[in-house]
Amino acid sequence: MPSEPVSSIRGVGSDTAKKLARLNIRTKLDLVLHLPHRYEDRSVVTPLNELSKPNEYYYVQGVVQDLVLKQGKGRSNARVTLSDDSGGVLTLRFFNYRPRWIAVFQKGIWVRAYGQLWGEYRHKSMIHPDFKTFSSDPGPPEPEFVPVYYATKGLTSKHIRALVQKIIQEINLLPKFTHFDLTLAEAIQCCHYPDVTTDEESRKIPRRRVAFDELLAYYLLQQRRRLQHKTFTTRILDRKTRLIRDFIDSLGFQLTESQENAAREILKDMNSTQPMLRLLQGDVGSGKTVVATLCILRAAENGVQTAFMAPTELLAEQHYQTLSEWLDPLGIRVGLVTGRMPAPTRRARQKAITSGDDLVVVGTHALFQDSVHFKCLGLTIIDEQQRFGVHQRMLLRDKGNLPHQLIMTATPIPRTLALYLFADMDVSRITELPPGRQSITTTLHSEKHRAEVIEAVKRHVERGQQAYWVCAAIAESENDEQQLIGTEDVLKELAEKIPTVKVGHVHGQMKAQEKHSAMNEFREGNVDVLVATTVIEVGVDVPNATLIVIDNASNMGLAQLHQLRGRVGRGAEASFCMLNYSSPLSNTQRQRLVHLRKSQDGFELADLDLQLRGWGEVFGTKQSGTENFRVASLADDRDMIEEVNKVGSQLISNSPELAGEIIDTWSPLESDYASV
Ligand code: ADP
Ligand code: MG
């Protein structure tokens, strides 16, 4: 049943199929998984004299006392008055009815109707209620909950209800996975036609049961990919020289235990003919780049190239610099490829990649264009994975001869969820920051006290330290909520108020070369204050910058502010973050800023952010591929994730066939997906 198109249902023509497609319903399974979002409670008939609350929905039954038909200009209007034993009266009103259709209402006929109540006292009415007529007293109705579906233009909930009814029996063909009291088929059945005798809480169970299977299917699919991946072979990187040890010795610091553990796990993966696919999770500033560098060295001593991909040009530039500094002395050549490079430079780089002269190549996604051919690619590293979509990730996986892959992310996803979302990968975590990090003192400043902030920047610079000043925009602009201060305004303001301070400027619309030199000037200390847009959000690392001022902070999300704040606190000096806001603040905005002031722990902030915004927003389901869930949602069903992970791995080892059936049920298009 799952993949049969809706057009195979009797009575569904191409017109209806098109409307269904608007609701993302293309197959019969899609249709039965289009669960009702609420129910009409038709379990109790209310006596007419007890209809008391306007706008409320009621189920009523009565005898037609009177029928008034008015034929106006182009608009007909019928009033059908009902009464019952209670002595109450109710008028049913119909506009623009068809004469033949209204003729069923004869005096003395019984009517049962469900609708919303309008008016009060003797003017109580229902407009276009759902109704049934009976020639004699039908007695009390069978209690039922009538499902209400999200509908679309030209396709009512009632129509969908009828279609579901036609095919609901076919769900018995679905896989019989019996981890619960209810099978999937029974659960779907209960969602559409709930048991009226159960209480409200119990009625939620079937939807959760269906959601469980959907969550499970995604997990199984990821696991299947993982197993597939493990059947491939790639070049083992088992040659070890002194390179890694020498490099560690040359660093001015010791690796943290967390870094060492992560590095050990990763290097072990590379020492295998199975291609590595590992996620390295670590909060901003936890030192992922060093760990990545150890892997690059392992690749280098085995004579294979590394592709290192960053989400922005600025970050690619910075990694290029860091890696050149570290690797040049070791005789390892690093190249850079970005989209905005002048063509001749780019061609020269491509040549060096093809010849293998560039042993390490840093770049933006331009790295993975068809025109870039590696001589011998053995390792790919993707930095700040949260900035890439799931499809890009797949694309990279297939580049080259299945190289080992390391994917790094600063998103503080709780472990259980990480094991779920990234079930196709192994996960390593850096759980501590390097020692000696000063905490970042975060303060909030109303626009009214802007002068004090500028004064603080001046004093900071006079102490020989540097600062970022971040704006959400380049020129002053308006968003939905308020006027945003632009970097250009800040430049003017600083030039006027603290003219002795040397100020730089960097934003996303600059040419790569301009960005590069602006960053360099700042890194080398020729510039005291770098006024920037949020292009510096990810990864930028200048340890002597120990103050960050953020304008319109109330308009930014918690995760973004945390990332931005992570630009400071990277050296041994105490660091500061000043968040500027303009009143009035909404409740959420205030909470966000207060949380940020209180906590510096990415995981804790992620949890708070979750409470404020919900899961989808925080973890950007787009990057995980879970946005296509039809029933489940990470927001409502996250408490089941742990169980899903457990049941999922059991299924794979004990009942692989059933696991396959579950995947096929929920992901009929998986084959298309895999070939992306
Ligand atoms: P992120 O995980 O955010 O990418 P980085 O790799 O940019 O972090 O590291 C942040 C800063 O910390 C860099 O300046 C880096 O050289 C430094 N660093 C990394 N590891 C250590 C360590 N073990 N001790 C001291 N400083 C370190
Ligand atoms: Mg980084």
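In each ligand, atom 1 is the first atom listed, and ligand 1 is the first ligand listed. Side chains included, hydrogens not; waters and symmetry mates left out as well; all remaining heavy atoms used.
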As an exercise, identify every atom of ligand 1 less than 4.0 angstrom from a heavy atom of [X].
{"X": "Thr256", "answer": "23 (N)"}
{"X": "Asp541", "answer": "11 (C), 13 (C), 14 (O)"}
{"X": "Thr289", "answer": "4 (O), 5 (P), 6 (O), 7 (O)"}
{"X": "Gln254", "answer": "22 (C), 23 (N), 24 (N)"}
{"X": "Val284", "answer": "3 (O)"}
{"X": "Gly285", "answer": "1 (P), 2 (O), 3 (O), 8 (O)"}

How long is the straight-line distance from [atom2] of [Y] back to [atom1] of [X], given to the nearest 0.5 Å?
{"X": "Leu419", "Y": "Met425", "atom1": "CG", "atom2": "CE", "value": "11.0 Å"}
{"X": "Leu558", "Y": "Gln589", "atom1": "CG", "atom2": "CD", "value": "12.5 Å"}
{"X": "Thr289", "Y": "Trp326", "atom1": "OG1", "atom2": "CH2", "value": "6.0 Å"}

Do [X] and [Y] have side chains that approach each other closer than 4.5 Å (heavy atoms only, starting at C-beta)?
{"X": "Asp358", "Y": "Leu336", "result": "no"}
{"X": "Leu237", "Y": "His404", "result": "yes"}
{"X": "Pro311", "Y": "Thr364", "result": "no"}

* Asked: Are there more than 12 heavy atoms of other residues, nucleotides or ligands under 6.0 Å from atom CD of Glu455?
  -> yes
* **All pairs passing ring-ring contact (aromatic ring centres under 6.0 Å, His included) where residues 274-315 contributes a residue, at least two apart** => Phe308-His319
* Asked: Polar-atom distance check: Pro435 versus ligand 1, any N or O pair below 3.5 Å?
  -> no
* Asked: Hey, does Gln259 come in under 3.5 Å of ligand 1, counting only N/O atoms on both sides?
  -> yes
Determine whether any heavy atom of [X] lies closer than 4.0 Å to an atom of ligand 1.
{"X": "Ser286", "value": "yes"}
{"X": "Asp283", "value": "yes"}
{"X": "Ala410", "value": "no"}

* Asked: Where's the contact between Arg570 and ligand 1, heavy-atom distance under 4.0 Å: side chain, backbone, both or neither?
  -> side chain
* To do: May I ask which of Gly287, Gly252, Pro543, Ala292 has a heavy atom nearer to atom 19 (C) of ligand 1 than the others do?
  => Gly287
* Structure fact -> Closest heavy-atom pair, Ala262 versus Leu280, reported as atoms and distance to 0.1 Å, is CB-CD1, 3.8 Å
